[in-house]
Amino acid sequence: MQIKLNELAALRALGHPAGITSVCSAHPIVLRAALRHGRDHSSTVLIEATCNQVNHLGGYTGMTPADFAALVLRIAKEEGCPENLIVLGGDHLGPNPWRDRAAEEAIAEAERMVAAYVDAGFRKIHLDASMGCMGEPAALDDETTAHRAARLAAVAETSARWAGGAMPVYVIGTEVPPPGGADHALTTIEPTAASAARRTIDVHRRIFAEAGLTEAFARAIGLVVQPGVEFGNHNVIRYDRSKIDALKQVLEDEPQFVFEAHSTDYQGTGPLTALVEDGFPILKVGPELTFVLREALYGLDLIASDLVPDYGERPLYAAMEALMLAHREHWSRHYHGTEGEQRWLRHYSLSDRIRYYWTAEQAQSAVARLCDALAGKFVPLPLFWQHMPAAERFSDRPLDPEEVLIWRVTKSLAEYHAACGGAR
């Protein structure tokens, strides 16, 4: 069922909570799986890009917002997913990519980025100006954050009026886990204090009004808070609804809002369902989807090693290891321990920092070689039982490796769909 973002609070108030999965990935296979799933279920496909990943200067993917939007729409057309099901969102839009610069320079870049997002058709905008710039504290106070968020909202409003179509909806608040997960084993995560959530809303409401942005604030639908969920390199902290009674009361007093839950990866359907029921209907997922994609690729790599005589011994794994050792910038600050520990973290960490490498030519060549080696092959059932037991349906018939990859990503998306009300 298609659900609009501005319906979430009303559905909760009526006692019929429903959710939307926010797919935070730029990988074409993940995007294809999400769009195909949305097509098959006639459900909203919310796809978000982050400020570091996609921005007006290219981001680490090399894509501008217009490039990213074009990629999504091209895949949607190929999959027959109606455009009216698709919502594009910008996540953590603010000065974060330029926080090593003076504040005014960084905010000016953020303004240009927000304009580029809105011009490209992104209409869900997470305003995040909480991080300090050069010479400032790492985390800013609510007043400074709200003033900078209002500046960005003003740019978004102007750009939307020029572009035409729907006006943006906004998400405010920034109390989120570290992007991509924590770097260490975790024991517990404390939810956001209700008083902090109330203050965030109050300060933003006042400062937006002072800036003449009352109409824009009326379209603020979500508040980012920490529900007490997180994943690190090694483990997952699952949702404990008993800890958020006070936080839930904020939504009773602020019926305009729902909560947005970041880093919900690896929670599973039960905790995700509880999150939706408790006022967290926007469930953001990213690393889990590329983690299971990598899982499937490595499973096929093992199958090809056993099945195809001239394929070699796990060449995809070897190519990714060589690539990550040659370019350490995406993992070296996050993976610690002995050489052996760092090696398994490079490939299997839940934070999945290997996802930054799939666009490299060396990685794409290795994936293409794997898919070519298995395309059309009849894979015996015992090989699937050995390396990918849950994929036994693909045995003993001509194999399409991409269908295996999409199937594995869709398994995770289906858990989110069920939690959001899609299977009830």
Side-chain angles (χ1 to χ4, degrees), residues 48 50-53 55-57 59 89-118 122 124-160 168-179 190-227 247 250 253-254 256-263 284:
E48 302 208 44
T50 67
C51 60
N52 290 313
Q53 179 188 60
N55 59 52
H56 61 300
L57 302 177
D91 198 23
H92 296 290
L93 298 191
N96 187 60
W98 308 282
R99 64 186 183 275
D100 59 340
R101 305 185 190 179
E104 189 57 37
E105 183 183 354
I107 295 297
E109 287 288 4
E111 288 176 325
R112 287 187 278 271
M113 175 179 64
V114 167
Y117 266 88
V118 176
F122 290 72
K124 177 182 178 290
I125 304 297
H126 174 208
L127 300 169
D128 183 1
S130 64
M131 66 292 299
C133 299
M134 185 174 65
E136 296 182 328
L140 301 177
D141 60 88
D142 281 325
E143 294 271 341
T144 304
T145 297
H147 277 293
R148 293 178 181 179
R151 281 184 59 176
L152 299 177
V155 171
E157 294 288 289
T158 300
S159 296
V169 298
Y170 297 101
V171 173
I172 61 172
T174 56
E175 191 165 341
V176 298
E190 288 303 313
T192 299
S195 58
R198 292 180 196 278
R199 175 168 173 77
T200 296
I201 294 173
D202 290 343
V203 171
H204 278 75
R205 179 181 285 123
R206 172 173 56 81
I207 288 173
F208 272 56
E210 291 170 356
L213 293 167
T214 300
E215 181 184 338
F217 191 81
R219 282 183 263 108
I221 60 160
L223 175 67
V224 176
V225 294
Q226 170 55 272
L247 188 57
V250 174
D253 301 332
E254 295 283 356
Q256 170 181 343
F257 287 91
V258 295
F259 292 138
E260 178 169 281
H262 289 227
S263 292
K284 302 184 82 72

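Reckoned from all heavy atoms, side chains included, excluding hydrogens, waters and symmetry mates.
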Report task. Would you check, one step at a time, whether the test salt bridge (Lys or Arg N to Asp or Glu O under 4.0 Å) holds for Asp202 with Arg199? Result -> CA-CA 5 Å; Asp202 290 343; Arg199 175 168 173 77; over 6 Å; no
Requested in this report: Please report the closest heavy-atom contact between Pro95 and Ala129, naming both atoms and the distance.
Outcome: CD-CA, 3.8 Å
Query raised in the report: Under 6.0 Å from the CZ atom of Arg101, do we count more than 12 heavy atoms belonging to anything else shown?
Result: yes
Query raised in the report: Heavy atoms, side chains only, cut-off 4.5 Å: are Tyr170 and Leu213 in contact?
Result: no
Query raised in the report: Does the side chain of Asn96 reach to within under 4.5 Å of the side chain of Thr50, using non-hydrogen atoms?
Result: no
Query - Side-chain donor/acceptor of Thr192 to backbone N/O of Gln226, under 3.5 Å - result: yes
**Report entry** Min side-chain heavy-atom separation Leu93-Leu152 under 4.5 Å
**Finding:** no
Query raised in the report: Considering only heavy atoms from C-beta outward, does the side chain of Leu57 approach that of Glu109 to under 4.5 Å?
Result: yes
Query raised in the report: Distance from Asn55 atom CG to Met113 atom CE, nearest 0.5 Å?
Result: 6.5 Å
Requested in this report: Kindly give the heavy-atom pair with the smallest separation between Thr145 and Ser130, and that separation in Å.
Outcome: OG1-CA, 3.5 Å
**Report entry** Sequence-distant partners of Glu157, salt bridge (charged side-chain N to carboxylate O under 4.0 Å, His left out), two or more places apart
**Finding:** Arg161, Arg219
Query raised in the report: Are the side chains of Leu247 and Phe259 in touch, meaning some heavy atoms are under 4.5 Å apart?
Result: yes
Requested in this report: Would you name the heavy atoms of Leu140 and Thr144 that are closest together and state the gap between them?
Outcome: CD1-CG2, 3.9 Å
Query - Separation between CG of Asp128 and CZ of Arg148, rounded to the nearest 0.5 Å - result: 12.0 Å
Query raised in the report: Going by the ring-ring contact (aromatic ring centres under 6.0 Å, His included) test, which pairs reach into residues 190-214, not counting sequence neighbours?
Result: Phe208-Phe217
Requested in this report: Heavy atoms only: give me the nearest Ala197-Val225 pair and the separation to one decimal.
Outcome: CB-CG1, 4.2 Å
Query raised in the report: With a 4.5 Å heavy-atom cut-off, do Leu223 and Glu254 have their side chains touching?
Result: no
Query raised in the report: With a 4.5 Å limit on heavy-atom distance, are the side chains of Val250 and Phe257 in contact?
Result: no
Requested in this report: Check Ile125 against Pro168 and note the closest heavy-atom contact, atom names and distance.
Outcome: CG1-CB, 4.1 Å
Query raised in the report: In Å and rounded to the nearest 0.5 Å, what is the NE2 to CE distance from His92 to Met131?
Result: 7.5 Å
Query - Residues which pass salt bridge (charged side-chain N to carboxylate O under 4.0 Å, His left out) with Arg206, listed by chain and number, not counting sequence neighbours - result: Glu143, Glu210
Query raised in the report: What pair of heavy atoms forms the shortest contact from Ala103 to Cys133, and how long is it?
Result: CA-CB, 3.7 Å
Query raised in the report: For Asp91, which of Gln53, Lys124, His126 qualifies under side-chain hydrogen bond (donor to acceptor under 3.5 Å, both in side chains)?
Result: His126
